[in-house]
Amino acid sequence: NGDTSVAVSSTDSISKRVDYGFKAKSAVKAHTRAMWRFKNLPDRGGIKQCQVVLCQYVDLGGVIPGSIMSRKAPEVLSVVAFAIDLFRQDEEIDAANRSLLANFIEEKGAEQVYSRSEID
């Protein structure tokens, strides 16, 4: 893409015959497709940054009770939450930004001209 990004795509198996490991009387075959996009962002205070976008399509192939979806959807999305927590660098970025601001104040502070009302 010219912007140092990487895209990864996944899809379900297109096999017609599925071995569920048991006799399924009322099973429906679901389909899913997903695309992950990883993009490098500029460093912030020497801390490497990236952006991750997940786009996913799911066709459950039938009518699924809301109670089951309410229970299972958070489990599926927990993978995204885990990745966010694993790579979170908020504290490091905040520390680097504070350091940059402190250095700027030290360097430019002597040049600052204050009025009499600001001093008093």
Side-chain angles (χ1 to χ4, degrees):
N1 290 342
D3 61 359
T4 66
S5 66
V6 175
V8 179
S9 177
S10 65
T11 186
D12 55 9
S13 171
I14 57 172
S15 172
K16 298 287 183 196
R17 187 158 191 241
V18 177
D19 180 7
Y20 293 104
F22 61 91
K23 294 255 184 199
K25 294 181 182 178
S26 62
V28 294
K29 186 174 179 184
H31 300 279
T32 185
R33 290 188 294 264
M35 186 168 78
W36 293 82
R37 182 172 174 253
F38 303 88
K39 180 180 179 183
N40 283 328
L41 298 176
D43 290 0
R44 292 184 66 186
I47 308 295
K48 291 188 177 283
Q49 298 289 291
C50 72
Q51 177 187 55
V52 179
V53 176
L54 167 62
C55 299
Q56 187 167 16
Y57 166 81
V58 178
D59 177 4
L60 298 176
V63 178
I64 307 296
S67 60
I68 292 175
M69 288 305 298
S70 295
R71 192 172 65 242
K72 291 297 182 182
E75 291 177 22
V76 172
L77 295 174
S78 69
V79 173
V80 176
F82 176 76
I84 290 170
D85 290 341
L86 183 64
F87 292 104
R88 185 180 310 275
Q89 296 186 33
D90 294 349
E91 296 299 323
E92 293 85 353
I93 292 169
D94 289 346
N97 286 340
R98 282 191 302 273
S99 177
L100 288 171
L101 183 58
N103 289 340
F104 178 79
I105 291 170
E106 274 184 10
E107 292 172 5
K108 300 295 181 182
E111 300 172 12
Q112 181 68 39
V113 177
Y114 296 97
S115 67
R116 176 53 69 192
S117 63
E118 291 175 314
I119 295 173
D120 294 335

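Worth knowing before you read on, the calculation uses all heavy atoms, side chains too, and leaves out hydrogens, waters and symmetry mates.
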- Query: At what distance, to the nearest 0.5 angstrom, does CD of Glu106 lie from CG of Leu101?
  - Reply: 10.5 Å

- For residues Gln56 and Thr32, report the shortest heavy-atom separation together with the two atoms involved. NE2-OG1, 3.2 Å

- Message: Within the structure provided, determine whether Cys55 and Val53 are in side-chain contact (heavy-atom separation under 4.5 Å).
- Response: yes

- Task: With sequence neighbours excluded, give me every side-chain hydrogen bond (donor to acceptor under 3.5 Å, both in side chains) pair touching residues 77-91.
- Result: Asp85-Arg88, Arg88-Asp90

- Message: Under 4.5 Å between side-chain heavy atoms, counting indirect links through other Ile/Leu/Val/Met/Phe/Trp/Tyr residues: same cluster for Ile84 and Val52 or not?
- Response: yes

- Task: Over all heavy atoms of both residues, which pair between Thr11 and Arg33 is shortest? Give the atoms and the distance, please.
- Result: OG1-CG, 3.5 Å

- Message: Are Val79 and Val58 connected into the same hydrophobic cluster when the rule is that any two of I, L, V, M, F, W, Y join if their side-chain heavy atoms are below 4.5 Å apart?
- Response: no

- Arg71: salt bridge (Lys or Arg N to Asp or Glu O under 4.0 Å) partners, not counting sequence neighbours: none

- Note on the structure: With sequence neighbours left out, the residues meeting salt bridge (Lys or Arg N to Asp or Glu O under 4.0 Å) with Glu75 are Lys72

- Query: CE/Met35 to CG/Leu54 distance, rounded to the nearest 0.5 angstrom?
  - Reply: 9.5 Å

- If you measure from CG on Leu41 to CD1 on Ile47, what distance do you get to the nearest 0.5 Å? 13.5 Å

